[in-house]
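Working notes, beginning with the structure itself.
Each chain gets a letter, A, B and so on, in the order the sequences are listed, and its residues count up from 1. No experiment lies behind these values; they were computed from the predicted model shown. Excluded from the calculations below are hydrogen atoms, water molecules and symmetry mates; all remaining heavy atoms, backbone and side chain alike, are included.
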Protein chains: 2
Amino acid sequence: MNNRIQELRQEHDWSQKDLARRLGVSRQTVNALERGRYDPSLPLAFSISKLFALAIEDIFQPES
Amino acid sequence: MNNRIQELRQEHDWSQKDLARRLGVSRQTVNALERGRYDPSLPLAFSISKLFALAIEDIFQPES
DNA sequence: CCCGTATGTAAAGCACACTTTACGTATCCT
DNA sequence: AGGATACGTAAAGTGTGCTTTACATACGGG
């Protein structure tokens, strides 16, 4: 699962810490998501989607 | 997180077992999702979304 | 009555999503 | 040089997503 989190975060000039705070998760979680270490839960994916005002499908793309 | 899985499955006249097979998960997983025992992983949410040809947002709605 | 199908649920186990604490490196500013 | 900020990562712990096996109930068709 690829995602555009880092790209979107940088467009907003937010640090990982800033984004983490806005999402209510730890900075390490944001880092892990950006680096593709794991996928977010569905609720967290919705939070990200709402924060960036984009559809989940516009932020996350399944591998194949 | 509410979802319309049962409704969509029934529209297609599929048993939980049928749906599970199409999604590549166990019947118990489909049952648990329909009954709201837990949310699917993001990859599984995408599989469901593709199977029913609907956006994730049209199948899953965050509680608040 | 029996059999097959559909559904709900439980227990045990594994992998992953996420946390806190902590440490390392790089960069920038004074 | 020193301090602040940003990022990457590791280890240990908790809870959840999903599996397999298994059992129970209900229904419909022979």
Side-chain angles (χ1 to χ4, degrees):
Chain A
M1 181 84 67
N2 297 321
N3 72 69
R4 296 174 49 215
I5 298 179
Q6 179 170 10
E7 169 192 350
L8 294 167
R9 173 177 65 80
Q10 289 174 342
E11 285 177 4
H12 288 260
D13 273 318
W14 291 337
S15 65
Q16 290 183 346
K17 188 176 177 182
D18 291 334
L19 177 55
R21 189 170 36 79
R22 285 170 200 267
L23 292 173
V25 297
S26 70
R27 177 180 69 84
Q28 285 79 351
T29 292
V30 168
N31 188 309
L33 295 178
E34 288 191 356
R35 315 217 85 232
R37 309 221 320 118
Y38 49 73
D39 297 321
S41 66
L42 187 55
L44 181 50
F46 266 98
S47 297
I48 295 168
S49 157
K50 284 179 179 169
L51 182 58
F52 291 122
L54 289 173
I56 288 183
E57 289 84 351
D58 291 334
I59 303 178
F60 301 93
Q61 296 107 22
E63 303 269 296
S64 60
Chain B
M1 182 84 65
N2 297 321
N3 72 68
R4 295 174 49 216
I5 297 179
Q6 178 170 11
E7 170 192 350
L8 294 167
R9 172 177 66 81
Q10 290 173 341
E11 286 177 3
H12 288 260
D13 273 317
W14 291 337
S15 66
Q16 290 182 348
K17 188 176 177 181
D18 290 333
L19 178 54
R21 190 170 33 80
R22 286 170 201 268
L23 292 173
V25 298
S26 71
R27 177 181 70 84
Q28 285 78 351
T29 292
V30 168
N31 188 313
L33 296 177
E34 287 190 357
R35 314 217 84 231
R37 308 218 323 116
Y38 49 73
D39 298 320
S41 66
L42 188 55
L44 180 51
F46 265 98
S47 298
I48 295 168
S49 158
K50 285 180 178 168
L51 182 59
F52 290 122
L54 289 173
I56 287 182
E57 289 83 353
D58 291 334
I59 303 178
F60 302 92
Q61 295 107 23
E63 303 269 297
S64 60

Distance test, side-chain N/O of [X] to OP1/OP2 of [N], below 4.0 Å:
{"X": "B:Ser26", "N": "D:dT19", "result": "yes"}
{"X": "B:Arg35", "N": "C:dT9", "result": "yes"}
{"X": "B:Ser15", "N": "C:dT5", "result": "no"}
{"X": "A:Asn31", "N": "D:dC7", "result": "no"}

Original post:
In terms of the nearest nucleotide of DNA chain C, which residue is placed more toward the 5' end: B:Asp18 or B:Ser41?
Top reply: B:Asp18
**OP:** Take B:Arg9 and A:Leu42, find for each the nucleotide of DNA chain C with the closest heavy atom, and name the residue whose nucleotide sits nearer the 5' end.
**Re:** B:Arg9
Starting at atom [atom1] of [X], determine the distance to atom [atom2] of [N], rounded to an integer number of angstrom.
{"X": "B:Asp39", "N": "D:dT16", "atom1": "CG", "atom2": "P", "value": "11 Å"}
{"X": "A:Ile5", "N": "D:dC7", "atom1": "CD1", "atom2": "P", "value": "14 Å"}
{"X": "B:Met1", "N": "D:dT16", "atom1": "CE", "atom2": "P", "value": "14 Å"}
{"X": "A:His12", "N": "D:dA6", "atom1": "NE2", "atom2": "P", "value": "17 Å"}
{"X": "B:Phe60", "N": "D:dG17", "atom1": "CZ", "atom2": "P", "value": "12 Å"}
{"X": "A:Leu33", "N": "D:dT9", "atom1": "CG", "atom2": "P", "value": "14 Å"}
{"X": "A:Tyr38", "N": "D:dT9", "atom1": "OH", "atom2": "P", "value": "13 Å"}
{"X": "B:Gln16", "N": "D:dC27", "atom1": "CD", "atom2": "P", "value": "16 Å"}

Subject >> Audit row: A:Thr29, A:Leu23, side-chain contact (heavy atoms from CB on, under 4.5 Å) steps and yes/no >> reply: CA-CA 10 Å; A:Thr29 292; A:Leu23 292 173; over 6 Å; no
Check this for me: does the side-chain of [X] come within 3.5 Å of the base of [N] through a donor and an acceptor?
{"X": "A:Arg37", "N": "D:dG8", "result": "no"}
{"X": "B:Glu34", "N": "C:dT7", "result": "no"}
{"X": "B:Gln28", "N": "C:dT7", "result": "no"}

**OP:** Show the numbers, then the answer: is there a side-chain contact (heavy atoms from CB on, under 4.5 Å) between B:Arg21 and B:Asp18?
**Re:** CA-CA 5 Å; B:Arg21 190 170 33 80; B:Asp18 290 333; 3.3 Å; yes
**OP:** Hey, could you give me the CD/NE2 distance between B:Glu7 and B:His12, rounded to the nearest 0.5 Å?
**Re:** 10.0 Å
**OP:** Name the residue closer to the 5' end of DNA chain D, choosing between B:Arg27 and B:Leu44 according to the nucleotide with the nearest heavy atom.
**Re:** B:Leu44
Subject >> Distance-minimising heavy-atom pair for A:Pro43 and B:Asp39 >> reply: CG-OD2, 3.5 Å
Original post:
Is there a donor-acceptor pair closer than 3.5 Å between any side-chain N or O of B:Arg9 and the backbone N or O of B:Trp14?
Top reply: yes
